[in-house]
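Structure provided below as structure tokens; questions to follow.
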Amino acid sequence: MTVTAAGIERKRILFLFIVFCVWVLVVGASLVKIQVVDYVENVKKVQGQSTRTESLIAKRGTIYDRNGEILAISVKTQSAFISNRDPEEALTLLTEVKKSGIMFNTDEIRNIKKRIIKGNRFIWLKRKLTDDEFEILKDIKEAHKKKDKSPIIDFVEEYRRVYPQGNTASHILGGVGIDEQGLGGIEFHFNPAIAGKGGIVQLEQDARRKTFDLQYIEKPEEGKDIYLTIDASIQYFVEKELKMTLEKYSAPRGCVIVMNTGDGSILAMASSPDYSPEKIAGTPPAFRKNNAVSFIYHPGSTFKVLMVASALDFGICAPQEEFFCWNGEFKIKDRSISDVHPYSYLTVEGIVINSSNIGAALIGARMGKYNVMRAINNFKLGQLTGIELPGEERGIVNPVKTWSGISVYFIAYGYEVAVTPIQMIGAFNVIATNGYLLQPHIIKKIEGVYLKKEQPRPIISSGTAHRMTSIMTQVVKSGTGKSAYIEEVPVAAKTGTTKRINRSQGHSEGLRYISSFGGFFPAQNPQITMFVLVDEPKGLYYGGDVAAPLFKTIAEKLIIYLGISPAMGNKTASRL
Amino acid sequence: MKIENISRGLIILLAALGFILAFTYMSLNIKTVDYGYELQELATRKERLKEEIDKLKSRKAQLLNLERVEKRVIEELGYQYPTPEQIIKVPGGDRDRSRH
């Protein structure tokens, strides 16, 4: 048997084919083992190595003013923490950090030290670092790395709330806590909308931890942006003027509200004392209180306007009807009502212009308690206005059945009831809008949210509103509000001076006064309604002496800023 | 012989086709992963740029803070508020005073 070359070649090919087949079988079997038999186990292994789940934090919405100026914004920042594997090393590092110039208060340092010694593994060093602080700590971390030590400082990304306008509009904005939760103002009231919703994402990563695919398990929702009706410039100069007046009269608190007459939107709401929204967590409650919506007080003479308007509207008296004002001293049961200046006979108009308490009391008596209560309800006093701010007080309006026989006398000139400045500006605006009650509001729009608007409600006839406007113009021209007189633009307003309420004892305190002034301008075509309140001014305390000049100063600035002029006719100011 | 040649040719053709298909499938897969990387990088960059924009917006708003501007104008540039006598009121109509 001879072996031919072709036979040898065929055998070789056969051998190689068999080897190849065995190899293919081995590979195939391995693949079947990997992909079929051990499938579940292997998928788990791969996922464990290449898949990572991360929580996503939602960015809080930005708050803008009516012109798109930023009032509050969240920016990404770093927070530093200590991985406390070796307490001794961690304490050395802490000393190094202290020396680096990063500001800590002694309590913070003490707490960190305590936690290091206690052996806590994760310790916040400082949250929400500034760019400079981050650079310093990054250098310390790098220096530590160079010494061949495992990093003891590390960082996580967080959002930091920034209020670029400083203290401006602090009571409106409120502020957030360390975890970006709303603690006051708009930040608190609209927290669910503005905070957004965090999400969870699954990342596919390679061996170098580079992501090549992702899948959202829960899609994050960014917080909604909010546009307020306030104008940051108006807010700024109103706050500044208020502070100056409070300083001048050594008054501890006060507020000013500026409203767009036509739609009830708030252009500025200043409350003093104020605070920094970035430090809200450490601010005492007295500073955080928004006096514009939370301060309750006897409205005093400013209330006369509302009572007289109602009496005229109900047909209870006529503008030129005279009332005998008892020459400044009127006794009723065991109590007495007095006027600053004695008057014998005053017309209804004269009662408002000269702010006669006795005259107003007599009008109230003629109205009777049910009509007085009807007037109070019509102007929505003693009720929440519904403004989109937390902490709004209702005020105090007792039920008619609890009134004494002489309550109407006192209520008619603003005692035995307590209101808030926001209620008063809403009521004054009724006269400015020819008799319609508008809901005061501070939200212009929230992205993606439909805001329901309350329809204007007629309260008094336009004839009564016109008559009241003319009377209130006389108050400023020749009555108690002369210091708010502006030559070019007629102002319609009313002064108020009241004794403070002692909330714990429920009665007025002696020698402590509240000075207020409410009104609108230009009287013939009102664009702006404003209410000013100064609590406990020292020295002068009459509304005409303290609050009216502040009203005038702000009004003059608004006239220039908004482009209000007598030549406007029935047009709306260009910047409103 | 002829049939053998044809079948060999067919096998080679099928093998080539199989190879091309496998190659296309693999290269498409690789491209998908490549695009995945690129997309993630771009998404990260976009995120960083958005953060940068927010920081710049915040900085701009801080620089335009009216209190700061007023302080600088008065203290550094020496400006003063006009006294009432210095203000001349010009009677006129309602002009458009747009802010920007």
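Here is the naming used below: chain letters follow the sequence lines, and residue numbers restart at 1 for every chain.
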| said: Can you confirm whether more than 12 heavy atoms, excluding those of B:Arg68, are under 6.0 Å from its CZ atom? | reply: yes
| task | Could you look at B:Lys60 and say if it's the side chain, the backbone, both or neither that has a heavy atom under 4.5 Å from chain A? | result | neither
| Portion of B:Glu67 that has a non-hydrogen atom of chain A nearer than 4.5 angstrom | both
| Worked check of side chain to side chain contact (heavy atoms under 4.5 Å, CB included) between B:Ser58 and A:Ile70 | CA-CA 7 Å; B:Ser58 151; A:Ile70 295 173; 6.0 Å; no
| Can you name the closest pair of heavy atoms from A:Lys76 and B:Lys55 and give their distance? | O-CE, 3.2 Å
| Contact class of A:Glu488 relative to chain B, heavy atoms under 4.5 angstrom |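 Side chain of A:Glu488 only, per the 4.5 Å heavy-atom cut-off to chain B.
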| In terms of heavy-atom proximity below 4.5 Å to chain A, should B:Glu41 be classed as side chain, backbone, both, or neither? | side chain
| Centre of B:Tyr81's six-membered ring, under 6.0 Å away, within 45 degrees of the axis: is that where NZ or CZ of A:Lys240 sits? | no
| field | Region of B:Glu38 in contact with chain A, defined by heavy-atom distances below 4.5 Å | value | neither
| At a heavy-atom separation under 4.5 Å, does A:Thr77 approach chain B through its side chain, its backbone, both, or neither? | neither
| message | Walk me through whether A:Val162 and B:Gln62 qualify under side chain to side chain contact (heavy atoms under 4.5 Å, CB included). | response | CA-CA 9 Å; A:Val162 180; B:Gln62 277 170 330; 3.4 Å; yes
| Roughly how far apart are A:Ile234 CD1 and B:Leu66 CG, rounded to 0.5 Å? | 11.5 Å
| request: Tell me, for A:Leu71 versus chain B, whether the close heavy atoms (under 4.5 Å) come from the side chain, the backbone, both or neither. | output: neither
| request: Could you look at A:Glu157 and say if it's the side chain, the backbone, both or neither that has a heavy atom under 4.5 Å from chain B? | output: side chain
| field | Donor-acceptor under 3.5 Å (B:Asp54 side chain, A:Val75 main chain) | value |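 Side chain of B:Asp54 to backbone of A:Val75, a donor-acceptor pair under 3.5 Å: no, none is there.
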| query | Got a second to check how far B:Leu39's CG is from A:Asp213's CG, nearest 0.5 Å? | reply | 9.0 Å
| field | Donor on one side chain, acceptor on other, A:Asp206 and B:Tyr37, under 3.5 Å | value |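 There is such a pair (donor and acceptor under 3.5 Å, judged by atom type) between the side chains of A:Asp206 and B:Tyr37.
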| Given that the side chain runs from C-beta out, which part of A:Asp131 has a heavy atom under 4.5 Å from chain B: side chain, backbone, both or neither? |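 Side chain of A:Asp131 only, per the 4.5 Å heavy-atom cut-off to chain B.
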| Yes or no on side chain to side chain contact (heavy atoms under 4.5 Å, CB included) for B:Lys57 and A:Thr62, after CA distance, side-chain angles and deciding distance? | CA-CA 11 Å; B:Lys57 273 185 187 172; A:Thr62 304; over 6 Å; no
